[in-house]
Structure formats: C-alpha cells, structure tokens
Amino acid sequence: MAMPSQEKDSYESVLMEHIRMNGAYWGLTTLDLLGRLDTVDVNEVVSEVLQCQHESGGFGGNVGHDPHIHYTLSAVQILALFDKVDVLDVEKVADYVAGLQNEDGSFSGDMWGEVDTRFSYIAICCLALLHLLDKINVEKAVDYILSCKNHDGGFGCTPGGESHAGQIFCCVGALAITGSLHRIDKDLLGWWLCERQVKSGGLNGRPEKLPDVCYSWWVLSSLIMIDRVHWINKEKLAKFILDCQDIENGGISDRPDDACDAYHTYFGVAGLSLLEYPGVKAIDPAYALPVDVVNRIILGIKG
C-alpha cells in the first residue's frame, strides 16, 4: 500500500487508484502467508489505512474516496494482520456497516443502495472480526442469503441470480461464520463446485468458462467449508497454480503465460495455502486471513 510518491503518479497506479485498499489487502496477506510481512513498515501502512476513513466510519478505496463496505472490510483485515485493530473506533466502524443492512436482511454496498450477497458476507465477516455481530439482525441476514440459493445448490448475487463460484464463497463463508452451514445441501453444492475443475486441473467460476487461478480460492475454500474438498484432484490444481507463476519476475497470473497481478498472486498463494503447500502459512477459508491472525482476533490465542 505504501509506495514512493513517484510510483503513485504512474499510469498503472492511477488506473488502480480506486481499489488501492483492496490491493493492499491482497499484497500484504500474500506477504504474511509467505512469512515476509516483516518487510513492511507497519506504522506507514496503518497511517495510510486511517487516512482512507470517512467521517461515517467506513473506509474508501483510497484517500478522499467515498466509503464502501468492501473497502471497509479490507481496512479491518489489513489492521488485523498487524494486530492493530485497536487503533479503530470499532463502534463507529460497526455502526457504518450495520447501517447498510436493509429490511429484508440484505446489505447495500454503500449509500447508493446496490444489493449483493458479496456485501452480506463482507458485513458479517467485518463485524465478526470486530466482535460486534450483534449490531445486525443475523437471522434476517442468513435468511436473505438462503433466499439466493438455486436449484443446482449454488448461490447468486440476489434471489434468482445465476450460481457463481465467487457468490458461493460469499454465501458459504457468511453461513460458516454465523454457524448456519447446516441449512444448505452440502452434497448438491459440492457436486456443482467439483464440476468446476477442468482438464488442466484449474477451476472455473461457472459452466463453460475458462479456468482462472482466482477460483483456486473461491471454489476450494467453499469445498473445504462444506467438507467436500476430497471431490477434486488437489494435485492437478496445485500444478495449475504453479504453472501460472512468472518464474523470472515473480507473481501469478490468471492462466499460464498471461501477465501477473497482485489479485491473482494473492488468490494463487491462498489456494496453495488451502492445499497445504510447503512453506505457505495456513489460511482460514471463511475469514480469508492467516489462521494465526484469526485465532488471535476471534479466539484470543496469541501466537
């Protein structure tokens, strides 16, 4: 997240300005999974995160940007990595998130009102990390998520929306955090998810699509949470992820020989973590944070 001023003016940096908070989460979590988080200046990162906070309590994707529930979760996750959540006024942040819950239990992403099951997961994950889930109506939130379940066992972004692996992770993750996984058909959902593996070993997000490294997270984490990960070939998936590496410059791409980026590098490393690849720290499939961070934040277990 922290970078020299001349790099902030680069073409690439300007294009990605609006999602800088998310990019910081991807990059910093990758460093932690690889055991290299100590290479970062903690105080500089914390300072830049706090500069993105809005008076509403929510966070924007960059300094001066409007707040959104997604950037707010990324900010909380970044601070959790460094054990710095205590720098926040957690009640103010939680009130911002809780204020985005709608009457039907769904969540809007920001003041403009877009509704998506992504935002349901984000709200539940964020508030759980802050120990303030009681700020929302959890029962209504769970019922709304379940209303987005489809006949194929998957979940969409809204009721009737097409099943998609990214949305499935969000719904399964939220149900896992709230202790509600017993309310889904794990075999039916597991079958849909395991069918996402293609001949190369990679995973796609929905039928007839190309494989993409990012689904090494969205699909694999969901299978782990419903205890159906043994339904795919883990060795072939690991090989697919490793084939997407840029051996010379580092990083991981969406598919072999494509350009690498922070997003796919994070999800590739996170996928390898779920596959218990040597040298990569364990990641929690629901919270998308290293297990030791989740143990510290949620269970109070110091590493």
Side-chain angles (χ1 to χ4, degrees), residues 1 16 19-37 61 70-71 73-74 77-78 80-81 116-118 121-122 125 155 164-174 176 193-194 196-198 200-206 209-225 229 232-247 249-291 293-294:
M1 182 161 184
M16 303 299 286
I19 58 168
R20 192 154 168 249
M21 187 70 75
N22 300 144
Y25 158 71
W26 300 328
L28 293 168
T29 307
T30 301
L31 285 175
D32 199 357
L33 292 174
L34 297 176
R36 300 298 300 276
L37 193 61
H70 193 184
Y71 306 131
L73 173 61
S74 289
Q77 288 171 317
I78 291 167
L81 289 173
D116 192 306
T117 46
R118 288 178 299 150
Y121 165 77
I122 287 168
C125 183
F155 292 83
H164 186 281
Q167 305 295 152
I168 289 171
F169 161 77
C170 292
C171 294
V172 173
L193 289 167
C194 76
R196 304 281 61 77
Q197 190 163 38
V198 300
S200 66
L203 301 163
N204 61 26
R206 50 199 169 116
K209 295 294 183 178
L210 293 173
D212 188 315
V213 156
C214 70
Y215 295 112
S216 304
W217 170 262
W218 308 120
V219 174
L220 195 58
S221 57
S222 300
L223 284 169
I224 288 173
M225 286 186 280
V229 72
I232 64 166
N233 188 317
K234 293 188 284 185
E235 290 75 20
K236 288 186 69 174
L237 176 57
K239 183 180 185 304
F240 175 79
I241 297 172
L242 295 172
D243 285 345
C244 295
Q245 290 182 99
D246 184 329
I247 301 299
N249 301 311
I252 298 175
S253 60
D254 57 347
R255 284 178 283 278
D257 302 320
D258 283 353
C260 299
D261 57 66
Y263 175 85
H264 288 95
T265 299
Y266 164 60
F267 286 113
V269 172
L272 291 173
S273 173
L274 293 175
L275 292 167
E276 301 179 332
Y277 192 79
V280 183
K281 287 173 59 176
I283 191 168
D284 187 280
Y287 287 96
L289 285 169
V291 167
V293 173
V294 175

Fill in: Under the ring pair (Phe, Tyr, Trp, His ring centres under 6.0 Å) test, residues paired with Phe155 that sit two or more places apart
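In terms of ring pair (Phe, Tyr, Trp, His ring centres under 6.0 Å), with neighbours along the sequence ignored, Phe155 is linked to no residue.
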Item to complete: Hey, can you tell me if Trp217 and Phe267 have their rings parallel, tilted or perpendicular (30° and 60° cut-offs)?
Response: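 The arrangement is tilted - the two ring planes meet at 30° to 60°.
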Non-neighbouring partners of [X] that pass side chain to side chain donor-acceptor pair (under 3.5 Å), sequence neighbours left out:
{"X": "Asn233", "result": "none"}
{"X": "Tyr215", "result": "His164"}
{"X": "Ser221", "result": "none"}

Ignoring hydrogens and geometry, is there a side-chain-to-backbone donor-acceptor pair from [X] to [Y] under 3.5 Å?
{"X": "Thr30", "Y": "Trp26", "answer": "yes"}
{"X": "Asn204", "Y": "Lys209", "answer": "yes"}
{"X": "Ser253", "Y": "Ala259", "answer": "no"}
{"X": "Gln197", "Y": "Cys194", "answer": "no"}

Looking only at heavy atoms, which two atoms of [X] and [Y] are closest? And how far apart?
{"X": "Leu81", "Y": "Pro290", "value": "CD2-CD, 3.7 Å"}
{"X": "Ala286", "Y": "Gly173", "value": "CB-O, 4.4 Å"}
{"X": "Cys170", "Y": "Thr117", "value": "CB-O, 3.9 Å"}
{"X": "Ile224", "Y": "Pro285", "value": "CG2-CG, 4.0 Å"}
{"X": "Gly251", "Y": "Thr265", "value": "CA-OG1, 3.4 Å"}
{"X": "Gly271", "Y": "Leu220", "value": "O-CD2, 3.7 Å"}

Return the [atom1] to [atom2] distance between [X] and [Y], rounded to the nearest 0.5 Å.
{"X": "Ile78", "Y": "Leu289", "atom1": "CD1", "atom2": "CG", "result": "10.0 Å"}
{"X": "Asp246", "Y": "Ile252", "atom1": "CG", "atom2": "CD1", "result": "10.5 Å"}
{"X": "Leu73", "Y": "Met21", "atom1": "CG", "atom2": "CE", "result": "11.0 Å"}
{"X": "Ile232", "Y": "Leu203", "atom1": "CD1", "atom2": "CG", "result": "5.5 Å"}
{"X": "Leu193", "Y": "Leu223", "atom1": "CG", "atom2": "CG", "result": "4.5 Å"}
{"X": "Ile122", "Y": "Gln77", "atom1": "CD1", "atom2": "CD", "result": "8.5 Å"}

Worksheet, complete the sentence: For residues 279-291, the salt bridge (charged side-chain N to carboxylate O under 4.0 Å, His left out) pairs (sequence neighbours left out) are Asp32-Lys281, Lys281-Asp292
Worksheet item: Among pairs that include at least one residue of residues 253-278, which meet salt bridge (charged side-chain N to carboxylate O under 4.0 Å, His left out), considering only residues two or more places apart or in two chains?
Response: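 For residues 253-278, and leaving out neighbouring residues, there are no salt bridge (charged side-chain N to carboxylate O under 4.0 Å, His left out) pairs at all.
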Fill in: Heavy-atom side-chain contact between Leu275 and Ile241 under 4.5 Å
yes
Worksheet item: What's the verdict on side chain to side chain contact (heavy atoms under 4.5 Å, CB included) for Leu242 and Leu272, showing C-alpha distance, side-chain angles and the deciding distance?
Response: CA-CA 9 Å; Leu242 295 172; Leu272 291 173; 4.0 Å; yes
Discussion item. If we check ring-ring contact (aromatic ring centres under 6.0 Å, His included) with Tyr25, which of these qualifies: Tyr71, Tyr266, Tyr263?
Written reply: Tyr266
Practice prompt. Any chance you could lay out the side chain to side chain contact (heavy atoms under 4.5 Å, CB included) test for His264 and Asp212, step after step, and finish with the verdict?
Written response: CA-CA 9 Å; His264 288 95; Asp212 188 315; 3.0 Å; yes
Item to complete: List the steps, then state whether side chain to side chain contact (heavy atoms under 4.5 Å, CB included) holds for Tyr121 with Cys171.
Response: CA-CA 6 Å; Tyr121 165 77; Cys171 294; over 6 Å; no
Worksheet item: Where do Val213 and Phe240 land on the side chain to side chain contact (heavy atoms under 4.5 Å, CB included) test, with the steps shown first?
Response: CA-CA 8 Å; Val213 156; Phe240 175 79; 3.8 Å; yes
